[in-house]
Structures are given as C-alpha cells and as structure tokens.
Amino acid sequence: MKRRNFVKNSGLGAAGLISASIVNSCANPSEKKEIPVSTKAIKPIVIATWDVPNATGRAWEILEKGGNSLDAVEQGVRMEEADVSNQSVGKGGRPDRDGNVTLDACIMDHEGNCGSVVYLQNIVHPISVARKVMEETPHVMLAGQGAQKFAVEKGFQLENLLTEKSRQEWENWKETAQYKPIINIENHDTIGMLAIDNNGNLSGACTTSGMAYKLAGRVGDSPIIGAGLFVDNEVGAATATGVGEEVVRTVGSFLIVELMRQGKSPQEACEEGVKRIIEKNKGKLDFQIGFIAINKKGEVGAYCIQPGFTYRTYSPAGHMNTTSDSHVPA
Ligand code: SD4
C-alpha cells in the first residue's frame with residue numbers, strides 16, 4: 001500500500017507540529033505504514049472531503065479566532081454551495097434526469113443535535129436550512145416542498161440553481177441518457193466537513209446535489225445522519241462521499257465512529273468501513289466511496305475504493321491537501 005502523499009502544503013508551516021505515528025495497516029496487519037498525526041496543538045482542526053481550500057480556509061478563519069466548530073463547518077461548506085464551478089454541491093450542481101437541481105444536506109453538533117434537508121430546490125444554502133431545522137424546529141429532517149416553504153419562511157431567497165454549464169451538460173447527457181455514476185467527477189464532489197474547536201467540541205456538515213442525473217426524488221446518504229455524517233463528541237466524527245446507496249447500506253459514518261469507540265484509529269476505522277462496502281459488493285468495484293474521520297484527539301484518517309480521492313486539513317500545522325490511500329491501487 002502506498003504511503004499517503006502530501007501533494008500540497010501551503011499555510012502556516014508550523015514544522016514540527018506534525019509527527020508520524022506508525023500503525024498497522026487494516027488491509028494487511030503485518031504491513032506498517034506512516035500516518036500523519038498532530039502530536040501537539042491539534043486543536044483546532046478542520047478536515048473536508050476533496051480539495052476545497054476555500055471551504056477549509058473559511059472554516060479555519062472561524063476556528064482560529066476561537067469560534068465554535070458548528071459555525072466553522074456551516075460557513076466552510078457554504079463556500080462550496082455558493083461556488084458555481086463546483087457541480088456537485090449547491091448552485092451550479094448537476095441536475096436530476098428531469099433537469100431539476102435537488103439538494104441534500106445535514107449538520108450535527110457536539111451535543112448530538114442534528115438537522116437535515118432532502119430534495120430541496122431553488123435554495124443556494126441547504127446547510128443553513130438544515131441548521132435552522134436543527135435549531136428552530138422539533139424535527140430532524142424536512143423534505144421537498146415542505147423544506148422549501150420552511151426555508152422561505154426563515155428568509156432564504158428562491159433562485160434558479162441550474163447554471164448554463166450544468167444545463168448544457170444535461171442536454172448532452174440526454175442524447176444517450178445512460179446512467180452510470182462517474183468516479184471522482186471533476187475531482188470535486190459532495191463536501192463533508194468535520195471540525196474540532198478550541199474547546200475540543202466536534203461538529204460536522206455534509207452537503208450535495210447528489211448523483212448527477214439521478215431519478216427524480218432520489219436521495220442519497222449525504223443528508224442521512226449516520227450514513228453521510230455522524231458526530232459523537234466523546235469519540236470522533238466521520239463523513240462520506242461517493243455512491244450514497246452503498247453508504248446507506250452500511251450506515252457508514254456511524255459505523256466508523258463506533259469502530260473508533262472500540263479503539264480503532266480514524267485511519268483503521270475508515271479502512272474497515274470501506275472493507276464492509278467492498279464485501280457487500282462481492283467484486284463489483286466500479287464505483288467510488290471515500291470516508292474521512294477524525295477522533296477526539298485530532299487524529300485524522302481517510303480511505304476510499306478508487307484512487308483519486310483527496311481531502312483538505314487545516315490546523316496549526318498548516319493547510320494541506322492529502323491524497324487518500326485507496327483499495328484499488330493507484
Ligand atoms: C449521494 N454521496 O448523493 C452523494 C453524492 C456524492 O460523489 O458524494 N457524489 O450519493
């Protein structure tokens with residue numbers, strides 16, 4: 001298994017804050033590998049799926065000033081929701097096969113409070129609607145028109161989310177209308193973000209436009225607490241990207257947090273989570289799943305099926321984009 005590869009390291013350059021711990025590989029217990037672990041100054045830290053420096057940068061601004069992890073993850077992922085060049089999240093997201101952009105998001109705080117929206121249309125920031133569901137209703141999840149009505153009542157503006165680029169691609173797709181999820185689309189995908197603040201509290205957020213050209217009404221893992229995201233302030237947190245149906249089948253993020261509770265490192269837990277999905281699929285591996293996880297100490301882990309999944313971290317040690325180890329060799 002190849003060493004994880006730091007592909008970029010910009011930022012504060014606090015050399016010496018990162019050391020490597022040697023752990024056994026899950027896939028092959030006799031094989032040792034290096035896992036980067038912050039040994040000091042591990043708080044605060046933010047980690048996000050994919051190379052989203054604007055998102056992690058925004059979250060870091062909040063954490064660095066002593067802000068809380070819930071604000072950090074919400075404000076962080078909002079950067080991607082508003083970015084029309086990211087075609088997997090928020091405005092500019094790829095539509096379903098009928099041409100409608102439908103968004104899913106969830107958020108969870110250190111007290112186990114959570115909120116979620118599914119099949120939300122014409123609202124740029126589903127993560128903030130999810131937070132309102134969490135904080136201002138007795139419910140956890142709102143769907144479709146009800147979620148939109150709630151958002152409008154809370155002051156969110158309605159707007160068209162289908163950009164000309166995404167509309168044109170959808171028109172081209174309709175010529176063959178073949179539904180096959182594309183692995184690592186544009187290297188930008190569902191954004192899952194986890195953070196620990198200065199008080200040691202964990203929060204997480206996950207937001208997506210879902211699989212491109214999905215059936216109308218389809219909802220994946222991303223807004224499902226336990227599947228696309230899970231936070232347990234005593235243990236750690238995890239979030240997922242990739243083909244949501246597979247993550248739902250294993251309740252992936254909850255599984256990873258529970259594995260950490262049983263003593264696994266974030267890296268070992270992510271590897272075990274991916275292994276469960278692979279076992280369920282008996283050799284069919286033509287799809288991508290990527291998990292990231294963080295434990296209470298601020299150690300991070302990531303693992304995926306296909307090569308090409310990266311994640312961003314921002315901590316006192318700097319701002320880094322890291323290539324995840326994968327089950328299928330690069
Ligand atoms: C979903 N997990 O809707 C999301 C989409 C995603 O790569 O991550 N795409 O299934």
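Numbering of ligands and ligand atoms starts at 1, following listing order.
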Chemist: Looking only at non-hydrogen atoms, find the nearest pair between Ala48 and Thr56 and report the distance.
Modeler: CB-CG2, 3.7 Å
Chemist: Please identify which atoms of ligand 1 are closer than 4.0 Å to at least one heavy atom of Thr208.
Modeler: 5 (C)
Chemist: I'd like to check whether Gly242 has a polar contact with ligand 1, where a contact means an N/O of the residue lying under 3.5 Å from an N/O of the ligand.
Modeler: yes
Chemist: Examine the proximity of ligand 1 to Met211 and report which part, side chain or backbone, both or neither, has a heavy atom under 4.0 Å away.
Modeler: both
Chemist: What is the minimum heavy-atom distance between Val129 and Val117, and which atoms define it?
Modeler: CG1-CG1, 3.7 Å
Chemist: Where does Arg218 meet ligand 1, judged by heavy-atom distances below 4.0 Å: at the side chain, the backbone, both, or neither?
Modeler: side chain
Chemist: How are the rings of Phe254 and Phe230 set relative to one another: parallel (under 30°), tilted (30 to 60°) or perpendicular (over 60°)?
Modeler: perpendicular
Chemist: State whether a side-chain donor-acceptor pair under 3.5 Å links Asn68 with Asn199.
Modeler: no
Chemist: How close does the nearest protein non-hydrogen atom get to atom 9 (N) of ligand 1, and which residue and atom is it?
Modeler: Asp189 OD1, 3.4 Å
Chemist: Would you say ligand 1 has an N or O under 3.5 Å from any N or O of Asp221?
Modeler: yes
Chemist: Considering only heavy atoms, which of Ser88, Ser222, Ala212 lies nearest to atom 4 (C) of ligand 1?
Modeler: Ser222
Chemist: Under 4.0 Å, heavy atoms only, figure out whether ligand 1 is touched by the backbone of Thr241, its side chain, both or neither.
Modeler: both
Chemist: Please verify the inter-ring angle class for Tyr314 with His319; under 30° counts as parallel, over 60° as perpendicular, anything in between as tilted.
Modeler: parallel
Chemist: Give the minimum heavy-atom separation between Ser69 and Ala195, together with the two atoms involved.
Modeler: CB-O, 3.5 Å
Chemist: Is there a nitrogen or oxygen of Gly220 sitting under 3.5 Å from a nitrogen or oxygen of ligand 1?
Modeler: no
Chemist: Where is the nearest protein heavy atom to atom 5 (C) of ligand 1: which residue, which atom, and how far?
Modeler: Thr190 OG1, 3.0 Å
Chemist: Under a plain distance cut-off of 3.5 Å, with no hydrogens placed, do Gln75 and Asp71 share a side-chain donor-acceptor pair?
Modeler: no
